[in-house]
Amino acid sequence: MMEEKQAYKDSQLYRIRHSTAHIMAESVLEKFPDAKFAIGPAIEDGFYYDFDLPRALTPDDLAEIEKRMRGLIQSHETFERKEISPEEAKEVFKDQPYKLELIEGLEHGGLDEDGNPTDEPVPLSLYSSGAFTDLCAGPHVENSKEINPQAIKLLNIAGAYWRGDEKRPMLQRIYGTAFESKADLDDYLWKIEEAKKRDHRKLGKELDLFSTNDEVGAGLVLWHPNGAMIRHLVERYWDDEHLANGYDFVYTPHIGKSSLWETSGHLQTYSENMYAPIEIEGQAYYIKPMNCPFHIHVYKSGLRSYRDLPIRLAEKGTVYRYERSGVMHGLLRVRGFTQDDAHHFCREDQMSAEVDFVLDFSMKMLQAFGFKKIQAYLSTMPEKRVGEEDRWHAAEAALEETLKRMQVPYEVDQGGGAFYGPKIDLKVQDALGREWQLSTIQFDFNLPERFDLSYIGEDGQPHRPYMVHRALLGSLERFFGVLIEHYGGAFPVWLAPRQVELIPIAERHNDFAWQVAAQLKKAGLRVKVNDSSDRMNAKIRDAQNQKVPYMLVIGDREVEEGAVALRRRSGESLPAMGVDAFIALAQKEVAERL
RNA sequence: GCCGGCGUAGCUCAAUGGUAGAGCAACCGCCUUGUAAGUGGUAGGUUAUGGGUUCGAUUCCCAUCGUCGGCUCCA
């Protein structure tokens with residue numbers, strides 16, 4: 001991954017994108033001579049440039065700028081590099097406050113153009129192309145004729161804080177992209193279109209899976225019967241697997257007294273994300289943003305022996321967190337959600353086996369839902385932290401050794417751990433190659449201290465257990481959103497809310513259809529009979545749009561033979577088969593989770 | 001929270017400073033059908049909410065709520 005990023009930075013595509021950003025800035029400056037410009041790097045799928053402009057941009061502006069860019073590209077501008085001193089640079093950019101700030105930073109080895117800290121003063125360079133000169137380290141193309149004017153596209157306008165700091169001015173950011181060929185651009189735009197078709201918010205409506213509602217409140221999800229059926233199936237599988245793997249289930253309340261959250265430290269460090277307290281009988285109660293303190297109290301409810309460990313307490317715990325109004329996004333970022341949470345308590349000598357177990361278990365769980373490509377991220381000890389250093393190192397070693405042993409591809413984020421412990425996050429890749437973080441496995445050196453957790457060791461003395469938080473699916477809401485997009489709404493048979501749609505051709509076939517439906521239901525299949533007076537074609541279209549995996553057409557032939565004619569949602573039609581044969585086929589595919 | 005856009009029937013969308021229209025869906029019929037939309041009719045809206053400007057606001061202005069694209073945040 002790291003190598004890939006470096007390779008991209010060295011590539012011609014990167015130079016094309018970065019240079020296209022400059023061309024864009026040139027055309028924006030032509031249109032708004034007083035524009036102040038900030039930074040304009042190439043990014044993963046394109047580029048952007050931030051401007052401080054006298055008025056808000058409109059989509060029409062974008063079209064106009066894009067058109068002008070093509071003209072500039074075709075005028076074959078050369079990109080010329082020049083090294084200069086900070087003093088010269090300040091003179092060149094005397095009317096550009098953002099550039100002056102960058103120069104200051106570079107001069108003193110503060111931050112570079114990407115906002116990364118640099119230790120030493122960086123040599124300054126200018127790149128000039130056409131009428132535009134920018135403070136820029138490059139690299140660029142030599143001439144704009146290397147840019148294909150048919151392979152550029154401006155995508156959208158958005159607000160962005162100067163240097164990502166919400167206390168600084170809000171600038172206007174134009175996102176765009178560029179490719180080497182028109183075909184590559186078209187592929188990319190196709191992928192964006194495809195992603196729109198799979199958008200879980202759109203599919204959630206079309207397939208009647210879930211909704212949110214003004215009156216209920218933002219970020220609070222209503223699961224409709226279809227979505228709730230899928231959730232039920234996910235939960236049922238999750239329950240079975242947990243029970244088979246040494247977990248104990250617990251149920252805990254949704255609110256707890258303020259003293260609980262003081263002990264846990266959440267009131268001191270997490271209150272910004274917590275809902276306001278509920279006062280009753282002179283006590284303040286808080287809605288839980290996390291399940292941990294409750295699980296810890298289950299642990300603490302009795303004296304624990306080293307023989308009792310490991311203890312694995314699991315709960316699909318619903319939590320509420322205040323999220324700022326602008327950050328909610330469908331099911332992926334909400335205010336009320338259910339974590340598939342568990343806390344492991346173990347001895348030091350069990351830690352390695354426990355980490356092995358939980359990583360293996362996570363991977364199997366994710367794979368069961370069709371996510372085959374999984375990438376791990378290991379985050380280690382940060383500067384600001386609690387807990388003894390040797391415990392940190394022991395935990396990090398256990399995590400990393402497990403990743404190696406299980407040959408899971410991983411990246412290390414040095415110093416990226418939470419203040420309370422190191423962690424592994426797992427990201428899955430979906431059908432379009434997008435990454436989504438689902439699982440997290442985190443050590444905690446904070447709460448066991450705060451709640452004074454202990455177990456009695458072989459030596460008769462109390463010892464502090466190691467504690468691990470983990471969520472495998474993350475939250476059921478987020479997981480559902482990712483699942484919808486991964487399958488594009490065409491859920492595998494075992495998860496499809498409706499597995500079979502029976503399609504009688506004429507009214508006289510309805511009775512037989514109902515008989516078949518009864519048989520299928522008995523066999524555990526989820527079935528609907530479409531006995532409306534619609535034409536068969538319309539019924540097929542409807543079932544197809546609802547992405548029902550099996551459509552069973554029933555006409556005179558089928559009634560006579562006691563058979564059904566299977567059409568799959570792939571469009572494949574099979575010759576008529578007996579009802580038992582269909583049940584066997586469906587049950588096999590359900591068992592295989594196809 | 002911030003910048004910008006948007007909010008009209010269940011859904012997808014149209015229209016206008018003089019109290020709104022289509023397609024699909026729904027409902028009632030007719031048709032009885034062989035692998036992606038048969039057909040006629042009926043009903044459905046305080047144009048998100050609250051305030052303001054105006055003789056008159058759904059349209060213009062303000063606020064609130066929701067939502068979209070980003071930023072920021074993501075213990």
| field | NZ/NE/NH1/NH2 to OD/OE distance under 4.0 Å, A:Arg567 and A:Glu572 | value | no
| Pairs where residues 501-516 of chain A contributes a residue and the test side-chain hydrogen bond (donor to acceptor under 3.5 Å, both in side chains) is met, not counting sequence neighbours | A:Arg498-A:Glu501, A:Arg508-A:Asp556, A:His509-A:Asp556
| query | Do the side-chain N or O atoms of A:His329 get closer than 4.0 angstrom to the phosphate oxygens (OP1, OP2) of B:G69? | reply | yes
| task | Name the residue closer to the 5' end of RNA chain B, choosing between A:Ile540 and A:Tyr175 according to the nucleotide with the nearest heavy atom. | result | A:Ile540
| remark: A correct dot-bracket answer for RNA chain B, with pairs being Watson-Crick or G-U at under 3.5 Å, [ ] for crossing pairs and | for inter-strand pairs, is (((((((..((((....[..)))).(((((.......))))).....(((((..]....))))))))))))....
| field | For A:Trp223, the option from A:Phe210, A:Phe337, A:Phe480 that meets ring-ring contact (aromatic ring centres under 6.0 Å, His included) | value | A:Phe480
| query | Do we see a donor-acceptor contact under 3.5 Å between the side chains of A:Thr380 and A:Gln414? | reply | yes
| message | Mind checking if A:Asp556 touches a base, just sugar-phosphate, or nothing, with heavy atoms under 4.0 Å? | response | base
| Which of these nucleotides, B:G34, B:G69, B:A36, is closest to any side-chain atom of A:Arg557? | B:G34
Polar atoms only, N or O, under 3.5 Å: list the protein pairs with nucleotides 22-30 of chain B and their distances.
none

| Does atom NZ of A:Lys67 have more than 12 heavy-atom neighbours from other groups under 6.0 Å away? | no
| Is the shortest side-chain N/O distance from A:Arg508 to OP1 or OP2 of B:U33 below 4.0 Å? | yes
| request: Name all residues meeting the side chain to side chain donor-acceptor pair (under 3.5 Å) criterion together with A:Ser27; count only those two or more places apart in sequence or in a different chain, and write none if there are none. | output: none
| task | Scan A:Glu558 against the nucleic acid and name what it touches under 4.0 Å (heavy atoms): base, sugar-phosphate only, or nothing. | result | base
| note | By nearest-nucleotide position on RNA chain B, the 5'-leaning member of A:Ser264 and A:Asn156 is A:Asn156
| P gap between B:A57 and B:U53, integer Å | 11 Å
| Can a side chain N or O of A:Arg535 be found less than 4.0 Å away from OP1 or OP2 on B:U32? | no
| request: Remember a base hit wins even if backbone is also touched, and classify A:Gly164 as base, sugar-phosphate or nothing at under 4.0 Å, heavy atoms. | output: sugar-phosphate
| request: Check every strand shown and say whether A:Asn545 touches a base, only sugar-phosphate, or nothing at a heavy-atom separation below 4.0 Å. | output: base
| query | When you check every protein heavy atom under 4.0 Å of nucleotides 1-7 of chain B, what one-letter string (B, S, -) results, 5' to 3'? | reply | BBBS---
| What nucleic acid atoms does A:Thr58 come within less than 4.0 Å of, heavy atoms only: base, sugar-phosphate, or nothing? | nothing
| field | Pair of N/O donor and acceptor under 3.5 Å linking B:C73 base with A:Arg333 side chain | value | yes
| request: Using whole Å, report how far CG of A:Asn273 lies from C1' of B:U72. | output: 13 Å
| message | What's A:Tyr420 touching, base or sugar-phosphate or nothing? Going by heavy atoms closer than 4.0 Å. | response | base
| request: Figure out the NZ/C1' separation between A:Lys196 and B:G69, and round it to whole Å. | output: 11 Å
| field | A:Ala565, nearest nucleotide to its side chain (from B:U35, B:G66, B:C11) | value | B:U35
| query | How would you label the contact of A:His509 with the nucleic acid (heavy atoms, under 4.0 Å): base, sugar-phosphate, or nothing? | reply | nothing
| task | Look at all strands and tell whether A:Met290 reaches a base, only sugar-phosphate, or nothing, counting heavy atoms closer than 4.0 Å. | result | base
| Is the phosphate of B:U12, meaning OP1 or OP2, less than 4.0 Å from a side-chain N or O of A:Lys205? | yes
| Reckon A:Ala418 touches a base, only the sugar-phosphate, or nothing at all at heavy-atom distances under 4.0 Å? | nothing
| note | side chain to side chain donor-acceptor pair (under 3.5 Å) filter on A:Arg335, not counting sequence neighbours, yields none
| Spacing between A:Lys539 atom NZ and B:U32 atom C1', to the nearest angstrom | 9 Å
| query | What's the closest nucleotide to the A:Ser573 side chain, out of B:U35, B:A36, B:U12? | reply | B:U35
